[in-house]
Amino acid sequence: MTDVLILNGPNLNMLGVREPALYGPATLADVEALCRNKAGALGLTIDFRQSNHEGELVTWIQEARGKIRGLIINAAAYTHTSVAILDALKLLENVPIIEVHLTDPKTREEFRHLSYIEMVADHTIAGDGPNGYVLALEHLSEVMPAPSA
Ligand code: DQA
């Protein structure tokens, strides 16, 4: 049992290289280190993953059923397209879902304004860069159900 699963979608493995003027200099490894640091301080265990494949993200969400207490997801471009990820997230009963984006998609191109993740997320944090993941962990630590005995 892991407390929090943190999922990252396509192209987030290229952070630091990818459009740095938009996404900043931090790599995904830096983001993971930030999360591990914050989770440790909050006494939470995390499983931090990234995939460029929609189906792999769907499978990971399915496998997390009954094994996690909270989910943080930056579905990247799949945010705006994936009914499959939306449907998978609906399988997670009693698991608070926090949607995170480094940038704020609502202030960018119109095709980024629709979020399928938002339809099931309990909370969205957008535009805070890597610190958004830290804020998401803090939020989860306040709202997650207690570990089952
Ligand atoms: C993103 C925003 C998405 O629109 C984009 O496709 C990404 C990254 C963000 O973190 O700002 O890949 O999710």
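It should be emphasised that the depicted structure is a prediction, and the values quoted were computed from it without experimental measurement. Counting starts at 1 for both ligands and their atoms, following the listed order. Residues: numbered from 1 along the sequence shown.
- In the hydrophobic clustering, Val143 connects to Val4, Ile6, Leu12, Leu15, Leu22, Tyr23, Leu28, Val31, Leu42, Leu44, Ile46, Phe48, Ile72, Ile98, Val100, Leu102, Ile125, Tyr133, Leu135, Leu137, Leu140, Met144, either directly or through intervening members, whenever side-chain heavy atoms lie under 4.5 Å apart.
- For ligand 1, the protein residues placed under 4.0 Å by at least one non-hydrogen atom are Arg18, Tyr23, Asn74, Ala76, Ala77, His80, His101, Leu102, Thr103, Arg108, Arg112.
- Residue pairs meeting the side-chain hydrogen bond (donor to acceptor under 3.5 Å, both in side chains) criterion with at least one member in residues 75-98, sequence neighbours excluded: Glu54-Ser82.
- Side-chain contact check for Pro130 versus Cys35: every heavy-atom pair is 4.5 Å or farther apart.
- Side-chain contact between Ile73 and Leu57 is absent, with no heavy atoms from C-beta onward closer than 4.5 Å.
- Each ring-ring contact (aromatic ring centres under 6.0 Å, His included) pair with one or both residues in residues 100-129, not counting sequence neighbours, appears once here: His123-His139.
- You'll find the side chain of Glu19 stays beyond 4.5 Å of the side chain of Met14, heavy atoms only.
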